Undergrad: 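Below is the structure I would like to discuss, written out as structure tokens.
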Amino acid sequence: MNKYNLQKLKEALEFNAVEVIPGQQEILDKELEFIIEKSQKSGEPIKHYIGFEISGKIHIGTGIMSALKIKKLQEAGVECNIFLADYHTWLNEKLDGKIETIRSVARNYFAPVMLECCKVVGCDMKKLNIIFAEDLYESSKNGQSFWNYDMVISKKLSLSRVLKSISITGKESGGEVDFGTLRYAPMQVSDCFFMGTHIVHAGMDQRKVHVLMRETAPKLDYEFTLKIGGKPIKPLATHHGLLLGMKKESGAGGEVVLGKMSKSKPETCVFVHDTPQDIEKKIKKAYCPLVDTANQTTEEIEQEQKNNPMLNWLEIMIFPAGRELRVIRPVTYGGDKTYSNYDDLKQDYFSGQLHPGDLKNAIALNLIEWFEPIKDYIDNNPESLKYLE
RNA sequence: CCGGAGUUGGCCGAGCGGUCAAUGGCACCAGACUGUAAAUCUGUCGGGCUUCGCCCUACCCAAGUUCGAAUCUUGGACUCCGGACCA
């Protein structure tokens, strides 16, 4: 009998309600309860997957944020799968554009490093699976190949719906798109149904495709559609939050705007295997304004809070991961102090009790300690970075 | 298929035969200022030097015209944009 923690599962799926089908919490709750019931009755596990393109070095927004979500889902009782999408990567012409290179990086870098990320956040490694697209696409399901699924599913997708969802590939919709790129979204939908995953997971930027998956499910014949315990269902979606980048970008009206982390701009993000020196250096340069409670309105302060990458990381990554933040500073600045939740920290930060400089040092130290095993892995396997430098 | 436009340094973008290693903007890097960062100011900003100067490699690729080409000619590659065809 599979055991599930409904509350944890609901928490883990909260973005589904907010972003994918807003305002329909009851429907989602019903779907979720139905899935749990059928799973328990049939013994078939609820399966999750998160797909990654093998496009470059893994930053904390990818590695840690998705690992935290995986941990939560595992704790709720879900079977989690990491899917390495080499074909999708190939379509997007990442790395040197060669499928052999992409596959090599997937096996020698991406898979082991993602596993290290999951390990440092405390996932149950025995229950975590890695699925390589090259293996998956060679396999068959009930006598049907992946490409059979893809064909059947593509027939159910309209060109305009596919076009709408291509922003996820990193290309701007509206510009010229080659036909191959249009294959991307249909393949993602096929991935979901072919693997038979009931919970699909990605960064929030991919929710359009998740909607596409949900829309497609009822259109498919029983043989191909998503089922649990023999009953057809729509996949549920979940998204991890996006971490703010560390550098200010000039916004339209001159206001402070911070982009999300982007591996194409190394100065905006910390890679999970950065050296301690790199982490210190990057964090030292992060945007982090001193709060002036005397001269700023509450609204302005709230705005700054939203635009502060350091606070953002603490709020959605460091504290939710169950980590404490040790601030080490001279007595003249207040002496050492340890925070175990975001509210306490926020309180001190916005009342001026905690200086940005001290906060940064604490975060840098925290991350360095946290990611040490990942760094060790890279140090012991330097060849894994081949093709990525 | 026919016709037009374009390809410049990390990016955008000037230059249209010598004075161009190539204006300008952005980014990056260094320094000043702040107990962090940001903002602001200064310098740097293809590479190497024996650094008031010199050398090398550079303006999509190849060949050519010139004393001399990023700038002209020819061919090639790629990108964009029109039009035609639609029995």
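Remember, predicted model here, so these are calculated numbers, not experimental data. First the proteins, then the strands, lettered A, B, ... as listed; each starts at 1.
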Undergrad: Counting N and O atoms only, with roles assigned by atom type, does the side chain of A/K141 sit under 3.5 Å from a partner on the main chain of A/S139, one being a donor and the other an acceptor?
TA: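 Judged by distance alone, no pair lies under 3.5 Å.
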
Undergrad: Can you tell me how far C1' in B/A58 sits from the matching atom in B/A69, rounded to whole Å?
TA: 13 Å

Undergrad: Suppose you measure atom C1' in B/U65 against the same atom in B/U50; what distance do you get, rounded to whole Å?
TA: 39 Å

Undergrad: Searching all strands shown, indicate the nucleotide that pairs with B/C29 (Watson-Crick or G-U wobble; both distances under 3.5 Å).
TA: B/G43

Undergrad: Testing A/W147, A/F83, A/Y149, A/F224 for ring pair (Phe, Tyr, Trp, His ring centres under 6.0 Å) with A/F194, which one passes?
TA: A/Y149

Undergrad: Kindly state whether the pair A/Y287 / B/A38 counts as stacked, where counting means centroids closer than 5.5 Å and planes tilted less than 30° apart.
TA: no

Undergrad: Across all strands, who's sitting opposite B/G9 as a Watson-Crick or G-U wobble pair, both distances under 3.5 Å?
TA: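 Partner of B/G9: none.
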
Undergrad: Could you walk me through whether A/L367 and A/I318 pass the side chain to side chain contact (heavy atoms under 4.5 Å, CB included) check?
TA: CA-CA 9 Å; A/L367 298 188; A/I318 295 173; 4.0 Å; yes

Undergrad: Under 4.0 Å from OP1 or OP2 of B/U36: is there any side-chain N or O of A/K281 that close?
TA: no

Undergrad: Look through every strand shown and name the nucleotide pairing with B/A22 as Watson-Crick or G-U wobble, where both distances are under 3.5 Å.
TA: none

Undergrad: How about CE on A/M125, more than 12 heavy atoms from neighbouring residues, nucleotides or ligands closer than 6.0 Å, or not?
TA: yes

Undergrad: Could you state the OH-C1' distance from A/Y333 to B/U36, rounded to the nearest angstrom?
TA: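 Distance, rounded to whole Å: 11 Å.
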
Undergrad: Does any nucleotide pair with B/A14 by Watson-Crick or G-U wobble geometry, both distances under 3.5 Å, and what is it?
TA: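 By the stated definition (distances under 3.5 Å), nothing pairs with B/A14.
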
Undergrad: Please indicate whether A/K219 has more than 12 foreign heavy atoms, meaning atoms of other residues, nucleotides or ligands, lying under 6.0 Å from its NZ.
TA: yes

Undergrad: Side-chain N or O of A/K285 less than 4.0 angstrom from OP1 or OP2 on B/C28?
TA: no

Undergrad: Tell me the interatomic distance from A/E93, atom CD, to B/C78, atom P, rounded to whole angstroms.
TA: 14 Å

Undergrad: Would you measure the distance from the C1' atom in B/G17 across to the matching atom in B/G64 and give it in whole Å?
TA: 15 Å

Undergrad: For B/C59 and B/U71, measure between their C1' atoms and round to the nearest Å.
TA: 10 Å

Undergrad: Is A/L359 touching bases, backbone alone, or none of the nucleic acid, heavy atoms closer than 4.0 Å?
TA: nothing

Undergrad: Between B/A37 atom P and A/H355 atom NE2, what is the distance in whole Å?
TA: 9 Å

Undergrad: In whole Å, I'd like the distance from the NZ atom of A/K360 to the C1' atom of B/A38.
TA: 9 Å

Undergrad: With both distances under 3.5 Å as the test, what is the Watson-Crick or G-U wobble partner of B/G3?
TA: B/C81

Undergrad: Can you tell me the distance, in whole Å, between the NZ atom of A/K306 and the C1' atom of B/A38?
TA: 20 Å

Undergrad: When the C1' atoms of B/G53 and B/A21 are considered, how many whole Å apart are they?
TA: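 It works out to 16 Å between them.
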
Undergrad: Please determine, for B/C54, whether a Watson-Crick or G-U wobble partner exists with both distances under 3.5 Å, and give it or none.
TA: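 B/C54 is paired with B/G48.
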
Undergrad: Once you measure the plane-to-plane angle for A/H210 and A/H239, does it fall in the parallel (<30°), tilted (30-60°) or perpendicular (>60°) bin?
TA: parallel

Undergrad: Considering only B/G35, B/C28, B/U36, which nucleotide approaches the side chain of A/K247 most closely?
TA: B/C28

Undergrad: Rounded off to whole Å, could you give me the CG-to-C1' distance for the A/N361 and B/U36 pair?
TA: 8 Å

Undergrad: Distance between the P atoms of B/G4 and B/C56, in whole angstroms?
TA: 41 Å

Undergrad: Angle between ring planes, A/Y137 versus A/Y87, binned at 30° and 60°: parallel, tilted or perpendicular?
TA: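 It falls in the parallel class, under 30°.
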
Undergrad: Paired with B/C60 by Watson-Crick or G-U wobble geometry, both distances under 3.5 Å: which nucleotide is it?
TA: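 In the structure as shown, B/C60 has B/G76 as its Watson-Crick or wobble partner.
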
Undergrad: Under 4.0 Å between a side-chain N or O of A/K284 and OP1 or OP2 of B/U36?
TA: no

Undergrad: Which whole-number value in Å describes the distance from A/L311 CG to B/A38 C1'?
TA: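 From A/L311 CG to B/A38 C1': 14 Å.
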
Undergrad: What's the gap between B/A70 and B/U57 when it is taken at their P atoms, as a whole Å value?
TA: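 Taking atom P in both B/A70 and B/U57, they lie 13 Å apart.
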
Undergrad: Determine the Euclidean distance between corresponding C1' atoms of B/A62 and B/G13; express it in Å to zero decimal places.
TA: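 Comparing C1' positions in B/G13 and B/A62 gives a spacing of 27 Å.
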
Undergrad: Which one is paired to B/U36, where only Watson-Crick or G-U wobble pairs with both distances under 3.5 angstrom count?
TA: none

Undergrad: For A/D358, report the nucleic acid contact type (base, sugar-phosphate, nothing); a contact means any heavy atom under 4.0 Å.
TA: base

Undergrad: Would you kindly give the CD1-to-P distance between A/I283 and B/A37, to the nearest whole Å?
TA: 14 Å

